[in-house]
Amino acid sequence: MKNFIFQNTTKIYFGENQLENLGAEVKNFGSKVLLVYGGGSIKRIGLYDKIISELKKVGMEIFELAGVEPNPRHTTVNKGAEICRENKIDVLLAVGGGSTIDCTKGIAAAHYYDGDVWDLVTGKAQVKNSLPICTVLTISATGSEMDAGGVISNIETNEKLALVHPSLLPKVSFLDPTNTFSVSAYQTACGSADILSHLFDVYYFAENDGKMDMIDRIIEEIIKTVVKFAPIAIKAPKNYEARANLMWAASWALNGFLGTGIIQAPTCHMIEHELSAFYDITHGHGLAIITPRWMKKILSEKTAPQFKKFGVNIFGVDKNLSDMDGANAAIKKFEEFLFETLGLKNKLSDLNIDDKNFKIMAKKACPSGELNGFVKLTPKDVEEILQESL
Ligand code: NZQ
Ligand code: ZN
């Protein structure tokens, strides 16, 4: 187990009718706010009107950036930063999902950089400071509402890269499960696959030298929570208990707590980001397709016990099976969950993806030559995983 420092200072308002505190919280950071949102879902569910009303009550001057794309573009981030500079914005309010929040994080950092945000994303320039960020979450998936990272896409170069800095941690996030009642069955499935992948990638199927048993057990409980409530939320979108459990699970999957004491190596995320970068697909769906193929690729005498444990503790696989048989049964159960219970299509070709870019994608997924993780992968291994996913 490695030494670690854990600090997460995001203040969470969880539950219904918490928005009455929004105005006062945002006002703490100044009087000019940039409201950032996506393609219109917040207007369709009536959330936009509520937000405007709360901000007006405390006399905020409101500016807007609408139309943030899923897989947010660096050009949209630059546009937002321009609005901030022109209008001397004090604070940013992201209302939406991971894409909107990540775009807002890009804007927050770009505000203090006199140039293209892409320089900050690629590391050509360093983030020095960020505008304060508040969020109102509308979909349970990424954990961006309670973490210090964002993922920005450059469609001209087919790159999708993370921007991480402590100053990007949201100051306050509002998590009202009723704001996720309108999330489609498809996006609920994708979000759930993303939460699971964070739990796997960040710790559960990470390099296992000296892991903490306590964290492993907590992760299993969160995995069980997603496995239990995602199907309920898909069948009954207004089930508060299901939406609340998914929402809090999503935040905890990536807020830093579960990644303590290990070297984090998000293997499947690195591969999926290449898929989104080249084909603009939904992040969680890409993960759902890749993850079981990755599991099969790295299955060995060394990894089998952890996969078997996953199967026994999550899906009730027979504990008397051998490690290898138990691991295979676990992967099969997980596939059934993703592709039958959640109803996600299970092949990249279903998303109109062919193999013509696989070689270059595999190379880009391994920026330091190899991909660290539970098992180290070479670009050739990654290419084989992509081929298996076709
Ligand atoms: O744009 P609108 O109209 O809001 O519609 C969105 C979008 O079409 C819709 N939606 C969101 N809330 C809704 C709703 N529809 C109906 N009712 C609601 N209440 O859902 C669609 C997807 O939204 P998006 O924000 O893209 O989803 P998600 O939260 O899954 O975010 C995905 C992005 O986050 C990145 C992903 O790579 C991807 O770019 N990630 C960010 C991470 C982070 N910051 O820590 C970590 C993750 O691993 C991930 O990489
Ligand atoms: Zn993710």
| query | Is any side-chain N of the basic residue among Lys296 and Glu388 closer than 4.0 Å to the acidic one's carboxylate O? | reply | no
| note | Sorted by chain and residue number, the side-chain contact (heavy atoms from CB on, under 4.5 Å) partners of Asp354 (sequence neighbours excluded) come out as Tyr279, Lys356
| Residue pairs involving residues 100-128 (criterion ring pair (Phe, Tyr, Trp, His ring centres under 6.0 Å); sequence neighbours excluded) | His74-Trp118
| query | Quick one: do the Glu69 and Thr76 side chains pair a donor with an acceptor below 3.5 Å? | reply | yes
| request: Kindly compute the distance separating CG (Leu275) from CD1 (Ile353), expressed to the nearest 0.5 Å. | output: 5.0 Å
| query | Does any pair with a residue in residues 3-14 pass salt bridge (Lys or Arg N to Asp or Glu O under 4.0 Å), and if so which ones, sequence neighbours excluded? | reply | Lys11-Glu25
| request: List in chain and number order the residues that pass side chain to side chain donor-acceptor pair (under 3.5 Å) with Lys56, two or more places apart in sequence or in another chain; answer none if no residue qualifies. | output: none
| Test side chain to side chain donor-acceptor pair (under 3.5 Å) applied to Glu159 and Asn154, step by step | CA-CA 5 Å; Glu159 284 172 291; Asn154 184 332; 5.0 Å; no
| query | Salt-bridged, Lys57 to Glu54, with N to O below 4.0 Å? | reply | yes
| said: For the backbone of Val117 and the side chain of Asn78, can you confirm whether one donor and one acceptor N or O come within less than 3.5 Å of each other? | reply: yes
| message | Do Lys211 and Tyr204 form a cation-pi contact, if we require the NZ or CZ to be under 6.0 Å from the six-membered ring centre and within 45 degrees of the ring's axis? | response | yes
| Donor-acceptor contact present, side-chain Asn71 to main-chain Ile281, <3.5 Å | yes
| field | Asn245 side chain vs Ala242 backbone, donor-acceptor pair below 3.5 Å | value | no
Tabulate below the donor-acceptor pairs under 3.5 Å that side-chain atoms of residues 252-261 make, not counting sequence neighbours, or state none.
| unit_1 | atom_1 | unit_2 | atom_2 | d |
| --- | --- | --- | --- | --- |
| Asn255 | OD1 | Phe257 | N | 3.1 |
| Thr260 | OG1 | Phe257 | O | 2.8 |

| note | Hits for ring-ring contact (aromatic ring centres under 6.0 Å, His included) against Phe310, two or more places apart or cross-chain, chain-then-number order -> Phe200, Phe205, Phe315, Phe334
| field | Sidechain N-carboxylate O distance under 4.0 Å for Arg73, Asp280 | value | yes
| Does anything in residues 164-190 pair up under salt bridge (Lys or Arg N to Asp or Glu O under 4.0 Å), and if so which pairs, sequence neighbours excluded? | none
| message | For the backbone of Lys347 and the side chain of Asp350, can you confirm whether one donor and one acceptor N or O come within less than 3.5 Å of each other? | response | yes
| message | Below 30° counts as parallel, above 60° as perpendicular, anything between as tilted: where do the rings of His283 and His273 land? | response | tilted
| task | Using modelled atom types only, decide if a donor and an acceptor are shared between the side chain of Ser300 and the backbone of Thr303 within a distance under 3.5 Å. | result | yes
| query | For Asp213, which residues count as a salt bridge (Lys or Arg N to Asp or Glu O under 4.0 Å) partner, sequence neighbours excluded? | reply | Arg217
| query | Tracing side-chain links under 4.5 Å among I, L, V, M, F, W and Y, which residues wind up in one group with Ile5? | reply | none
| Any salt bridge between Lys160 and Glu274, counting N to O under 4.0 Å? | no
| field | Set of side chain to side chain donor-acceptor pair (under 3.5 Å) partners for Lys224, sequence neighbours left out | value | Glu221
| Excluding sequence neighbours, so at least two apart, what forms salt bridge (Lys or Arg N to Asp or Glu O under 4.0 Å) with Lys238? | none
| task | For Tyr203 and His198, run side chain to side chain donor-acceptor pair (under 3.5 Å): C-alpha distance rounded to whole Å, both residues' side-chain angles, the deciding distance at 0.1 Å, then the answer. | result | CA-CA 8 Å; Tyr203 201 95; His198 294 154; over 6 Å; no
| query | Backbone N or O of Ala277 within a donor-acceptor pair of the Asn158 side chain at under 3.5 Å? | reply | yes
| request: In plain terms, say whether Lys309 and Asp216 are close enough for a salt bridge, that is, a side-chain N and a carboxylate O under 4.0 Å apart. | output: yes
| All pairs passing salt bridge (Lys or Arg N to Asp or Glu O under 4.0 Å) where residues 99-112 contributes a residue, at least two apart | Lys105-Asp147
